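This is a predicted model, so every value here is computed, not measured. Quick note on labels: first sequence line is chain A, next is B, and so on, each numbered from 1.
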There are 2 protein chains.
Amino acid sequence: MSNAYNRPDQLSAPLRARVLEAARRLGYPGPDPVARSLRTRKAGAVGLLLTEALSYAFRDPAATGFLEGLALACEQAGQGLLLVPVSPDHVDVTAVHQAGVDGFVVYSVREDDPHFLAVLERPVPTVVCDQPMNVEGVDRVGVDDRAGMLALARHLTGLGHRRVGVLCMRLAAGHNDGPADAERLASITYPVQRERLAGLRDGLAEVGVDWETVPIIERFEHSPEAGQDAAAELLGAHPDITAVVCTSDVLALGALKHAADRGLKVPDDITITGFDGTPEGERVGLTTVEQPLREKGRVAGEMLLERGDRNKPRHVLLPTELAVRTSSGPPRREERFFSGW
Amino acid sequence: MSNAYNRPDQLSAPLRARVLEAARRLGYPGPDPVARSLRTRKAGAVGLLLTEALSYAFRDPAATGFLEGLALACEQAGQGLLLVPVSPDHVDVTAVHQAGVDGFVVYSVREDDPHFLAVLERPVPTVVCDQPMNVEGVDRVGVDDRAGMLALARHLTGLGHRRVGVLCMRLAAGHNDGPADAERLASITYPVQRERLAGLRDGLAEVGVDWETVPIIERFEHSPEAGQDAAAELLGAHPDITAVVCTSDVLALGALKHAADRGLKVPDDITITGFDGTPEGERVGLTTVEQPLREKGRVAGEMLLERGDRNKPRHVLLPTELAVRTSSGPPRREERFFSGW
DNA sequence: GTGAAAGCGCTAACAC
DNA sequence: GTGTTAGCGCTTTCAC
């Protein structure tokens with residue numbers, strides 16, 4: 001009987017038909033997938049852990065690109081993709097325990113995220129995307145955030161910018177909407193933000209800009225609105241800034257909006273840059289660091305699903321590319337630091 | 001022991017700590033979620049069935065809006081969201097059988113979709129979004145597509161348009177990239193498309209335009225590229241058209257692109273309209289019929305999750321709103337039908 | 001507060 | 001090709 005459903009080739013066609021017909025008549029709804037999973041020790045699904053609320057997966061364009069690639073990989077392997085419902089505030093980890101999955105993909109969470117720690121306790125393989133970095137025995141796929149931002153910084157300093165300000169995403173647990181002081185910068189628990197800031201610091205140091213003097217505005221929420229608001233704060237406090245470096249395209253989109261509202265011409269009056277390479281950013285001509293978002297998702301899925309042979313953790317670093325578009329240009333003549341123009 | 005994990009309140013705190021500590025020492029990874037699901041008859045997840053490839057969920061802005069709302073509802077109920085991997089071509093229904101879920105949300109599939117039929121055989125509640133319509137014993141949430149399109153049609157005829165062309169999505173199984181003839185129109189298996197076309201037909205009939213003379217171009221793929229291509233086909237064959245009505249914003253975005261490439265000014269040279277009300281459409285000033293996408297997803301989730309009392313099928317119809325923006329205007333003077341301007 | 005036992009529905013193995 | 005059986009890991013119940 002089990003064979004009729006699971007191994008059609010083991011029975012003769014007419015017999016199979018007969019069995020199935022009888023089952024239908026008896027009102028048998030087909031094998032229970034949960035019972036089968038218990039028996040075969042396969043859930044047929046991959047769990048996805050996001051640090052944010054579930055709906056974030058469909059709102060953030062960088063996440064969306066990643067997930068598209070991940071979904072592609074799952075699809076090809078015939079695996080489902082289970083979005084695990086985690087409340088970002090609640091420290092309720094039961095959802096992770098409830099998830100009937102054969103493995104987890106963890107997308108860009110804090111180093112000390114309790115949900116992530118719960119995932120590690122589950123006896124299933126795990127692949128991390130982006131962060132945390134350097135977790136014992138866990139595969140990871142990411143990009144060289146630091147090198148990407150360094151390239152961007154050099155582009156800006158090459159244009160002549162010296163007075164730059166930064167808009168960045170959440171740096172650690174807890175709400176901190178405002179300037180990130182030295183103490184905050186020393187306790188970053190989101191490695192990606194740390195790396196991107198480090199790349200910028202290095203690039204600015206090459207032309208003698210003191211990192212201590214660079215204003216950094218942090219936002220808890222990651223949305224264009226937050227970027228817009230942060231840009232207002234930054235330019236309000238530091239009107240002499242010639243370039244606003246954002247650690248994501250989403251924030252940069254908001255900064256562009258603020259510039260427009262304020263009547264500032266981009267890039268003539270001010271340069272604004274992003275990071276990620278989202279379709280939205282491209283559409284509006286945002287200078288940014290592009291990373292292969294979809295590819296990252298695909299690789300994450302494949303690492304998890306194809307882990308037949310290897311058992312030592314793998315780390316894949318995908319390339320980034322500086323995309324110079326129309327949101328960056330030299331600072332105004334009177335604001336330039338040197339005058340070889 | 002089970003109590004230690006599941007009912008912390010039933011034990012004394014120190015005892016609970018002792019048990020958990022012992023379990024950890026023994027290398028016990030916590031209760032197996034699948035076994036628990038089998039026992040409790042609760043999977044803790046909602047299945048999502050899309051007619052398209054899984055990754056489509058993250059690519060189509062209308063789907064994304066819906067899913068954001070659905071994810072929100074799941075999250076609030078502490079339920080996971082399982083994306084069921086269906087290959088659109090393959091008629092392999094096993095993925096539906098494998099899915100360990102407490103219910104299904106079916107998003108906009110064909111009336112005779114085999115995966116959908118497989119869902120109906122599963123002994124779990126199901127909620128349909130948009131289509132199919134009128135399925136015995138199944139809850140549904142949607143919008144009044146016909147009325148929405150009728151309002152749009154009246155807007156266009158009011159502006160003076162008489163020679164309109166249509167770009168529409170897939171109408172039935174099978175690839176048909178090209179004109180939809182009478183036979184094709186008579187065998188539509190996507191009710192949403194049928195309704196939207198009917199609304200347009202009704203609106204045009206009010207001013208005496210013969211539906212038979214309205215060219216309709218169908219595309220299998222639903223993407224801006226397909227819309228662009230279809231617009232080229234439409235305007236190539238019918239250069240006298242003054243308005244291109246698209247049955248989705250995504251297609252309209254492509255049509256706008258085509259118009260731009262061809263050097264046509266919108267709306268001076270040609271009017272282009274969409275349907276859905278996506279952020280992208282809004283950004284570019286697309287005249288369209290807005291529907292509450294996120295709300296639709298939320299309602300779908302809630303209908304599935306809160307089905308405590310009711311057991312007769314519910315049908316929720318959400319309102320649409322005509323959004324007149326900058327992509328629609330009167331036809332050129334020499335092309336107008338009447339001249340009261 | 002503890003321990004033992006039944007059974008959720010299935011698959012895989014083995015005897016017929 | 002058919003029938004029987006053990007057991008996946010859990011929760012629930014009931015006796016202690």
Atom CG of B:Leu38 and atom C1' of D:dT12 are separated, to the nearest Å, by 14 Å
Residues A:Glu302 and A:Ala73: closest non-hydrogen pair is N-CB, 4.1 Å
Is the closest side-chain donor-acceptor distance between A:Gln131 and A:Arg140 under 3.5 Å?
no
Here the residues of residues 18-35 of chain B within 4.0 Å heavy-atom distance, strictly under, of DNA chain C are none
**Asked** Would you say A:Arg36 reaches C:dT11's phosphate, i.e. side-chain N/O to OP1/OP2 under 4.0 Å?
**Response** yes
When rounded to whole Å, the CG to C1' distance for the pair B:Leu15 and C:dG3 reads 14 Å
Separation of D:dG9 atom P from A:Gln98 atom CD, nearest Å, is 18 Å
B:Arg39 side chain near C:dA6 phosphate (N/O to OP1/OP2, under 4.0 Å): no
Here the distance between atom C1' of D:dC10 and atom OH of B:Tyr5, to the nearest Å, is 13 Å
Apply side chain to side chain donor-acceptor pair (under 3.5 Å) to residues B:Thr278 and B:Asp276 and explain how you reach the verdict. CA-CA 6 Å; B:Thr278 60; B:Asp276 283 342; over 6 Å; no
Residues 116-136 of chain B vs ring pair (Phe, Tyr, Trp, His ring centres under 6.0 Å), sequence neighbours excluded, gives none
TODO: Assign the ring pair B:His222 / B:Tyr56 to parallel, tilted or perpendicular, where the plane angle (0 to 90°) is split at 30° and 60°.
DONE: tilted
From CG of B:Asn3 across to P of D:dT13 the rounded distance in Å is 12 Å
Worksheet item: Between B:Leu48 and B:Val84, does a side-chain contact (heavy atoms from CB on, under 4.5 Å) hold up when you go through it step by step?
Response: CA-CA 6 Å; B:Leu48 174 72; B:Val84 178; 5.8 Å; no
Here the distance between atom P of D:dA6 and atom CZ of A:Arg41, to the nearest Å, is 20 Å
